Amino acid sequence: MEKKIIKTDILIIGGGTAGCYAAIYLGENCNYSVAVVDKAAIKRSGCLSAGVNALNAYITEGHQPIDYVEYASKDAEGIVREDLLLDISERLNKVTHDMENRGLTILKDEKGNYVSRGWRNLKINGENIKPLLAKEVLKQKNVKVYEHINITDLRSDGSVRGAYGFGINDGVFYEFKSKAVLIATGGASGLYRPNNPEGQAHQMWYSPFNTGAGYCMGIISGAEMTTFEMRFIALRCKDTIAPTGTIAQGAGAKQVNSFGEIYEDKYGLTTSQRLWGTVTENSEGRGPCYLKTTGIDKEKENELLKAYLNMAPMQTLKWAATKGPSEKDVEIEGTEPYVVGGHTASGFWVDNKRMTTLKGLFAAGDVAGGAPQKYVTGALAEGEIAAEGIIEYIEKEYDDKENEGLLSGLSNTCKEGYEKGLKRKSVLEGTRRYRVRDLERAMQKIMDEYAGGIKTDYKYTVHGLDIADERIGELSKMLDYTDINDTHDLLELYELRERLVVARVLIAHLKVREETRWHSFQENADHPEKSPEFDCYINSYMKDGRITVIKRKLVKV
Amino acid sequence: MGAVTDRAKCIGCGRCIDVCPGNVIRKDEQGKAYLKYESDCWSCAACVKECPMKAIYLRLPPEYGGTGADMYARKNKNITTWEIVRADGEVIRYTTDTEEANKY
């Protein structure tokens, strides 16, 4: 395997929303060299590939940033880092205006004021938001973009000083050496068996290419993680798993059961309660459930079809090929659970500058914990906060004395790991071998059945978690017996490793929260009530392969 | 199912391969693009909008209802023209403009 060493001051892993915005900020506000590395091309990588239909985090006139903190905290039953939420909230409008100046279209009235959808949402055309961000990144003279490179491990000797990865197309071993690292790899999808069967398995809400890489790198390097047990399960249009907000908030459609009864008021209006309501209506025999859209006029229907082209084109295709929303209510269902810090509080435990518990490693966006309801603007804001933190770190704290022996050892281990993977076919000839995909499917089945997936209406028991933990441990040992033919197979192997590590930590977190804090998101059948004893964060870290779980006191503002 | 290629129309420019957020498209022996990892497609349509030849399109999976339909797109700066071809032969067209915000 050819080796390339790339030296840069700042390494950004993941060129999605937060990573790109951090790169733009660093380009415009400092002279440090910056490398953005992504496993795809930043033009469409990350969560915003197809586009986005609204900015769901904006402080409209008459409201204050603290209102947003209160909203997010209430929605998360108090398990949030209010300090992190507040500094994000204070920047939401600034980053929105900045994106508008960079070319994002936001709906305005005749007077030039934004048209909001509720008190914290703006209507936009976000089809081109990712190409727009990518274009801004490429304008920066001190920023270089490295695409189609999969990063798997951090380069750390106590301080994080870069990362290791391999080129998916060129098969090169890359060693990035930097003074600080921003991890912005997104959350984790594909842990649980998805809604759709094989063939359409990736027809999911969250990017199927967000495989928990950042969480995994952090976990195996000993970083502290928070609130993994607060899973995110989205309520979505059936089959296409397209967003419902545009129909519910935008077109004012209510959730109804198969008898036409509006049921949402019965269960409460937090994100998890809306989902739980739908699950319960189904399980008690009043499903399927719908968003009541029949009767909307043709003009509205046409606008809805166009709106979905800008974020989830499969939904428009479905409507056009079958019946549109004016003729047929839109059926809804819950997705499989994800771990994603942009919607819930799962992720790296960070300080106010977004530095993780590993010196020199910063986190922003879906991979950073503590601050749910970030959405796009929150991820942008957090990218900027982390970028500021990194500049300060390099100027005040960074120590250039590297432990060379340790780092060259790490580099060799990593490279040998890839080479061993690529040579595996000949080594394993005649012995037991498995396809990565079969192991992935096995993991998803185990998580679905024993760790609160769709199969059990998202409920879990401690007994089930013990089975899941044992089975995930077994699967982890089978990684060495997978069939690898090329660097794409190697990519799949490392993605599965990431998911298995995240799954183990998730199981540990679910087990410790001996209450039900959020219906469906974390529904412990052994402890179905909420308990004040768990007004705390559940955090964890891994050392020598063992997970230790700790409780931390809530941070309020 | 999701994105599907039409090898007869493909000119092998590789734009779909580069833009795909999941690295799922590759070239065959003739240098034509195809969905090597078909079941990994997210149906984001990044490739569909990128293709200059309408050689890649979204296909409605059979589980989603209807009797089948395909969707093509062509993007020219801020304007995207979408073409949905239904099983009954009817063609439905939409035009979206990134300079025009969604109404909902």
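Just so we're on the same page: letters track the sequence lines, and every chain starts at 1. All of these numbers come straight from a predicted model, not from anything done at the bench.
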Portion of [X] that has a non-hydrogen atom of chain B nearer than 4.5 angstrom:
X: A:C237; answer: neither
X: A:Q249; answer: neither
X: A:N196; answer: side chain
X: A:I106; answer: backbone
X: A:N310; answer: side chain
X: A:N121; answer: neither
X: A:L104; answer: neither
X: A:K318; answer: both

Check this for me: does any side-chain nitrogen of one of [X] and [Y] sit under 4.0 Å from a carboxylate oxygen of the other?
X: A:E299; Y: A:K306; answer: no
X: A:D438; Y: A:R435; answer: yes
X: A:K323; Y: A:E301; answer: no
X: A:R44; Y: B:E50; answer: no
X: B:D40; Y: A:R437; answer: yes
X: A:E198; Y: A:R441; answer: yes
X: A:R499; Y: A:E440; answer: yes

Between [options], who has the most heavy-atom pairs with chain B when the cutoff is under 4.5 Å?
options: A:S207, A:A41, A:G46; value: A:S207
options: A:S49, A:G252, A:P131, A:S45; value: A:S49
options: A:I124, A:T246, A:T316; value: A:I124
options: A:K43, A:H148, A:H488; value: A:H488
options: A:A251, A:G199, A:A40, A:A312; value: A:G199
options: A:M204, A:K108, A:K130, A:R117; value: A:M204

Minimum heavy-atom distance between [X] and [Y], given as atom pair plus value:
X: A:Y206; Y: A:G187; answer: OH-N, 2.7 Å
X: B:I17; Y: B:I25; answer: CG2-O, 3.5 Å
X: A:L317; Y: B:A69; answer: CD1-CB, 3.8 Å
X: B:K49; Y: B:A73; answer: CG-CB, 4.2 Å

message = For the interface with chain A, which of B:T95, B:T96, B:D70 has the highest count of heavy-atom pairs at distances below 4.5 Å?
response =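 Most heavy-atom pairs under 4.5 Å with chain A: B:T96.
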ask   = Looking at B:V48, B:T98, B:T67, which makes the most heavy-atom pairs under 4.5 Å with chain A?
value =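 Counting heavy-atom pairs under 4.5 Å, the top option is B:T98.
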ask   = Crowded around B:K32 NZ? As in, over 12 foreign heavy atoms under 6.0 Å?
value =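 Yes - once you tally the heavy atoms of other residues, nucleotides and ligands closer than 6.0 Å, there are more than 12.
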query = A:K39 side chain to A:F209 main-chain N or O, any donor-acceptor pair under 3.5 Å?
reply = yes
ask   = Would you find a donor on one side and an acceptor on the other, under 3.5 Å apart, between the side chain of A:N101 and the backbone of A:G103?
value = no
ask   = Which class fits the ring pair A:W319 and A:Y308: parallel under 30°, tilted 30 to 60°, perpendicular over 60°?
value = perpendicular
message = Within residues 77-88 of chain B, which residues come under 4.5 Å of chain A, heavy atom to heavy atom?
response =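 Under the 4.5 Å heavy-atom cut-off, B:W82, B:I84, B:R86 qualify.
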ask   = Using non-hydrogen atoms and a limit below 4.5 Å, what part of residues 52-61 of chain B faces chain A?
value =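 So the qualifying residues are B:L58, B:R59, B:L60, B:P61.
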request  = Decide yes or no for A:N150 and A:Y494: does some side-chain heavy atom of the first lie under 4.5 Å from some side-chain heavy atom of the second?
outcome  = yes
ask   = Would A:E100 and A:Y114 satisfy side chain to side chain donor-acceptor pair (under 3.5 Å), going step by step from the backbone distance to the final call?
value = CA-CA 11 Å; A:E100 188 180 23; A:Y114 292 149; 2.5 Å; yes
